[in-house]
Engineer: 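Sharing a structure with you now.
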2 protein chains.
Amino acid sequence: MTNHEVELNQLFSALSDPTRRGVLARLCEGPGTVSELARPYDMTLPSFTQHLKVLERSGLVRSHKEGRSRLYQVEPEQLKRVEGWLEQQRQVWEQRLDRLDDYLLQMKEKH
Amino acid sequence: MTNHEVELNQLFSALSDPTRRGVLARLCEGPGTVSELARPYDMTLPSFTQHLKVLERSGLVRSHKEGRSRLYQVEPEQLKRVEGWLEQQRQVWEQRLDRLDDYLLQMKEKH
DNA sequence: TTAATACTTAGGCACATGACTAACCATGAA
DNA sequence: TTCATGGTTAGTCATGTGCCTAAGTATTAA
């Protein structure tokens, strides 16, 4: 598997969980500490920090220690990567529809 | 969990596998049968059809029987759904940057 | 009607994931 | 220095995922 493929795997699978999507959405509003981010979720802290680790491993967020807290923030570059992949598929799809249109048009003109 | 959340889970997790992303990319070029789609992959047919089921469950593709073959094709609506979610996050993110700019500008003006 | 083709079903196995408890370390406040 | 706060580490457990083999069904071709 290429490096790029592995990254896409991690990005999509990081986004496949509602807790993680929620945290990411929250972080788009501004940085936050572990316990701030955890507050809305009915989950023990160790379970929650696992989600943060998955997000960080995917590159969607990064963190650093600040005193005894850890501050998280989004890394929007990686979101663009996902958008890029989708964009590409859409282009292929739309090109194909265009070719199909041309084809149907040609058929029409012949008769 | 809301219905919409479950759908996003399924969409993102369907896209988190390179075989499935490959099949989807292939299907953007036009419809194909199970064995056509399977050909590029070094995998038994039952394993491969599992991937097709995941894609279909997510709504990214649909299929129907045609003689003894089954034809698959993309369902671009669901791709848009994923793009929609990403778009939304980006907007929140960009709004926040704008507010931050304003704030920094005001600080500058005060001094 | 027999045989080949195109899938499908059933069942099993290894490893990943997402949750938990219990106990631990590190920093800041009293 | 003692205690509370904010996170971390380690270990367990149930369930999900992705692969396999073996055997089945359904349709078409000979």
Side-chain angles (χ1 to χ4, degrees), chain A residues 1-3 5-27 30-74, chain B residues 1-2 5-27 30-73:
Chain A
M1 250 195 297
T2 72
N3 213 308
E5 272 179 329
V6 173
E7 283 182 36
L8 277 176
N9 295 352
Q10 289 181 343
L11 284 167
F12 280 116
S13 94
L15 292 170
S16 75
D17 179 278
T19 300
R20 291 192 292 260
R21 284 196 305 275
V23 170
L24 198 67
R26 158 66 187 76
L27 284 177
T33 67
V34 174
S35 37
E36 271 169 34
L37 297 170
R39 195 156 310 128
Y41 299 96
D42 183 20
M43 197 181 292
T44 63
L45 209 57
S47 303
F48 185 76
T49 56
Q50 287 271 54
H51 286 298
L52 292 177
K53 271 172 201 149
V54 172
L55 280 171
E56 192 156 22
R57 186 166 53 97
S58 79
L60 285 166
V61 309
R62 63 193 162 92
S63 74
H64 61 278
K65 282 228 100 166
E66 196 140 303
R68 61 183 157 177
S69 302
R70 179 176 288 278
L71 255 185
Y72 277 88
Q73 53 200 295
V74 282
Chain B
M1 251 196 296
T2 71
E5 272 179 329
V6 173
E7 282 181 35
L8 276 177
N9 295 353
Q10 289 181 343
L11 284 167
F12 280 116
S13 96
L15 292 170
S16 74
D17 179 277
T19 301
R20 291 192 293 261
R21 283 197 306 274
V23 169
L24 198 67
R26 158 65 186 76
L27 284 176
T33 67
V34 175
S35 37
E36 271 169 34
L37 297 171
R39 195 156 310 128
Y41 299 96
D42 182 19
M43 198 182 292
T44 63
L45 210 57
S47 303
F48 185 77
T49 56
Q50 289 269 53
H51 287 298
L52 293 177
K53 272 172 202 150
V54 172
L55 280 171
E56 192 156 23
R57 186 165 53 97
S58 79
L60 285 166
V61 309
R62 64 194 162 89
S63 74
H64 62 277
K65 282 229 100 166
E66 196 140 303
R68 63 184 156 176
S69 302
R70 179 175 289 277
L71 254 185
Y72 278 87
Q73 53 200 294

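Atom set for the values below is all heavy atoms of this structure, side chains included, hydrogens, waters and symmetry mates excluded.
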Engineer: Can you tell me the distance, in whole Å, between the CD atom of A/Gln50 and the P atom of D/dG11?
Structural biologist: 14 Å

Engineer: I need the CG-P distance between B/Leu52 and D/dG18, as an integer number of Å.
Structural biologist: 13 Å

Engineer: Measuring from atom CG of A/Leu55 to atom OG1 of A/Thr49, what distance do you get when rounded to the nearest 0.5 angstrom?
Structural biologist: 11.5 Å

Engineer: Round to a whole Å and report the spacing from CG of A/Asp17 to P of C/dA16.
Structural biologist: 18 Å

Engineer: Under the side-chain contact (heavy atoms from CB on, under 4.5 Å) criterion, do A/Asp17 and A/His51 qualify, and how do the steps go?
Structural biologist: CA-CA 9 Å; A/Asp17 179 278; A/His51 286 298; 3.7 Å; yes

Engineer: So which atom in A/Val61 and which in A/Tyr72 form the shortest heavy-atom distance, rounded to 0.1 Å?
Structural biologist: CG2-CD2, 3.8 Å

Engineer: Any idea which of C/dC7, C/dG28, C/dA19 is nearest the A/Ser47 side chain?
Structural biologist: C/dA19

Engineer: How long is the line joining CZ of B/Arg57 and P of D/dG16, in whole Å?
Structural biologist: 11 Å

Engineer: For DNA chain D, whose closest nucleotide is more 5', that of B/Ser13 or that of B/Phe48?
Structural biologist: B/Ser13

Engineer: Which nucleotide, C/dG18, D/dA22, C/dT21, lies nearest any side-chain atom of B/Pro46?
Structural biologist: D/dA22

Engineer: From C-beta outward on B/Ser69, which listed nucleotide comes closest to its side chain: D/dC20, C/dC7, C/dA19?
Structural biologist: C/dC7

Engineer: Can a side chain N or O of A/Thr33 be found less than 4.0 Å away from OP1 or OP2 on D/dG6?
Structural biologist: no

Engineer: Just the rounded figure in Å: distance from P of D/dG6 to CD of A/Glu36.
Structural biologist: 10 Å

Engineer: Looking at B/Arg70 and B/Val34, would you say the former's side chain and the latter's main chain have a donor-acceptor pair under 3.5 Å?
Structural biologist: no

Engineer: A/Met43 has an atom CE; how far is it from atom C1' of C/dT21, in whole Å?
Structural biologist: 16 Å

Engineer: Check every atom of D/dG7, D/dA29, C/dG18 against the side chain of A/Arg20 and return the nucleotide holding the closest atom.
Structural biologist: C/dG18

Engineer: For the side chain of A/Leu45, starting at C-beta, report the closest nucleotide among D/dT8, C/dA10, D/dC19.
Structural biologist: D/dT8

Engineer: Return no unless some side-chain N or O of B/His51 is found under 4.0 Å from OP1 or OP2 of D/dC19.
Structural biologist: yes

Engineer: Go through C/dA4, C/dG18, C/dT27 for me and flag the one nearest to the A/Arg68 side chain.
Structural biologist: C/dT27

Engineer: If you check the A/Thr44 side chain, which of C/dT8, C/dT21, D/dC19 turns out closest?
Structural biologist: C/dT21

Engineer: Rounded to whole Å, how long is the line connecting atom CG of B/Asn9 with atom P of C/dG18?
Structural biologist: 10 Å

Engineer: Checking A/Arg21 side chain against B/Glu5 main chain: does a donor-acceptor pair fall under 3.5 Å?
Structural biologist: yes

Engineer: If you pin B/Lys65 and A/Ser16 to their nearest nucleotides in DNA chain C, which one's is more 5'?
Structural biologist: B/Lys65

Engineer: Check the distance between D/dT8's C1' and A/Arg70's CZ and give it to me in whole angstrom.
Structural biologist: 9 Å

Engineer: Which listed nucleotide (D/dC20, D/dT9, D/dA4) is nearest to the side chain of A/Lys53?
Structural biologist: D/dT9

